[in-house]
Peer 1: 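My questions all concern the structure below.
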Amino acid sequence: MTIIVGFIALVANATWAHQGVQNAAVMARMNGMTSIADAMKVIGDMVKGTTAFDRDIAREALSDVAAASAQTLDLFAAPEDDPKSEARPEIWSNFSDFGAKSDALTDLAEALAVAVDTPADLRSA
């Protein structure tokens, strides 16, 4: 879950940041990160008890995280820039580390999408 939380910290303000983006590649990255953030909000609300746990919705949100994170490396392959971009230069200067973290997020979300059955499963993940 630390991987997921860390990844989401990178995209917490993505929706607000979308306004005025000129570079289509940067916009695609932001949309991908927003997809992950939206799914994590569903999961986070269940973990906090703000929303009642629903196994199917939790699994769907985790599947959404997996699908969006699986596209991350392609979205960030080129070091595109835009004044509205919040992507850190370290992504490209240490792309192998970024890729490893992205792959770990995808793998974890895929595994959890079929394993989560109870609120305790979600919390312990």
Side-chain angles (χ1 to χ4, degrees):
M1 193 63 141
T2 301
I3 293 169
I4 294 173
V5 171
F7 209 78
I8 294 309
L10 295 173
V11 298
N13 295 319
T15 302
W16 175 79
H18 287 172
Q19 296 180 353
V21 174
Q22 299 298 311
N23 185 313
V26 172
M27 180 61 84
R29 286 193 324 231
M30 290 177 156
N31 288 336
M33 297 297 97
T34 298
S35 294
I36 294 171
D38 290 346
M40 287 304 301
K41 181 172 179 3
V42 170
I43 295 163
D45 286 348
M46 285 185 197
V47 169
K48 291 184 286 187
T50 307
T51 303
F53 175 79
D54 181 302
R55 184 191 78 140
D56 294 334
I57 292 173
R59 286 182 171 198
E60 180 180 345
L62 289 161
S63 291
D64 291 347
V65 170
S69 65
Q71 298 174 14
T72 300
L73 290 181
D74 289 338
L75 292 173
F76 282 86
E80 299 281 346
D81 199 18
D82 186 279
K84 292 287 190 169
S85 176
E86 295 182 10
R88 296 180 178 177
E90 297 84 21
I91 290 170
W92 296 281
S93 66
N94 196 358
F95 199 71
S96 62
D97 181 59
F98 180 78
K101 289 175 180 172
S102 176
D103 290 344
L105 174 61
T106 302
D107 293 346
L108 178 60
E110 285 175 348
L112 291 173
V114 296
V116 168
D117 284 319
T118 67
D121 293 340
L122 194 58
R123 280 191 301 274
S124 68

Peer 1: Tell me the side chain to side chain donor-acceptor pair (under 3.5 Å) pairs involving residues 42-51, sequence neighbours left out?
Peer 2: K41-D45
Peer 1: What distance separates Q71 CD from T106 OG1, expressed to the nearest 0.5 Å?
Peer 2: 9.5 Å
Peer 1: Rounded to the nearest 0.5 Å, how far does CD of E60 lie from CG of D64?
Peer 2: 5.5 Å
Peer 1: Considering residues at least two apart in sequence or located in another chain, which fulfil the ring pair (Phe, Tyr, Trp, His ring centres under 6.0 Å) criterion with F76?
Peer 2: F98
Peer 1: With sequence neighbours excluded, what pairs up with S85 under the side-chain contact (heavy atoms from CB on, under 4.5 Å) test?
Peer 2: V26, R29, D81, D82, A87
Peer 1: Below 4.5 Å, heavy atoms only, C-beta onward: do D97 and K101 meet side chain to side chain?
Peer 2: yes
Peer 1: Tell me whether S102 contacts the main-chain N or O of G99 through its side chain, where contact means a donor paired with an acceptor under 3.5 Å.
Peer 2: no
Peer 1: Within this structure, what is the CZ-CD1 distance for the pair R88 and I91, rounded to the nearest 0.5 Å?
Peer 2: 8.5 Å
Peer 1: Check A58 against F53 and note the closest heavy-atom contact, atom names and distance.
Peer 2: CB-CE1, 4.0 Å
Peer 1: Looking at every non-hydrogen atom in both residues, tell me the closest pair between S69 and A66 and how far apart they are.
Peer 2: OG-O, 3.2 Å
Peer 1: Quick one: CG on L105 to CD1 on I36, what's the gap to the nearest 0.5 Å?
Peer 2: 5.5 Å
Peer 1: Let me confirm one number: the NZ-CE distance from K84 to M27, rounded to the nearest 0.5 Å.
Peer 2: 10.0 Å
Peer 1: Suppose we screen for side-chain contact (heavy atoms from CB on, under 4.5 Å). Which residues come up paired with D117, at least two apart in sequence or across chains?
Peer 2: R55, R59, D121
Peer 1: Can you list the residues that meet the side-chain contact (heavy atoms from CB on, under 4.5 Å) rule with A113, with sequence neighbours excluded?
Peer 2: L62, S63
Peer 1: Not counting sequence neighbours, which residues clear side-chain contact (heavy atoms from CB on, under 4.5 Å) with D54? List them please.
Peer 2: M46, D56, I57
Peer 1: Atom CD in E80, atom CG in L75: separation rounded to 0.5 Å?
Peer 2: 11.0 Å
Peer 1: For A61 and A39, which heavy atoms make the closest approach, and how far apart are they?
Peer 2: O-CB, 3.4 Å
Peer 1: Run L73 and D103 through side chain to side chain contact (heavy atoms under 4.5 Å, CB included) and show every step you take.
Peer 2: CA-CA 9 Å; L73 290 181; D103 290 344; 3.7 Å; yes
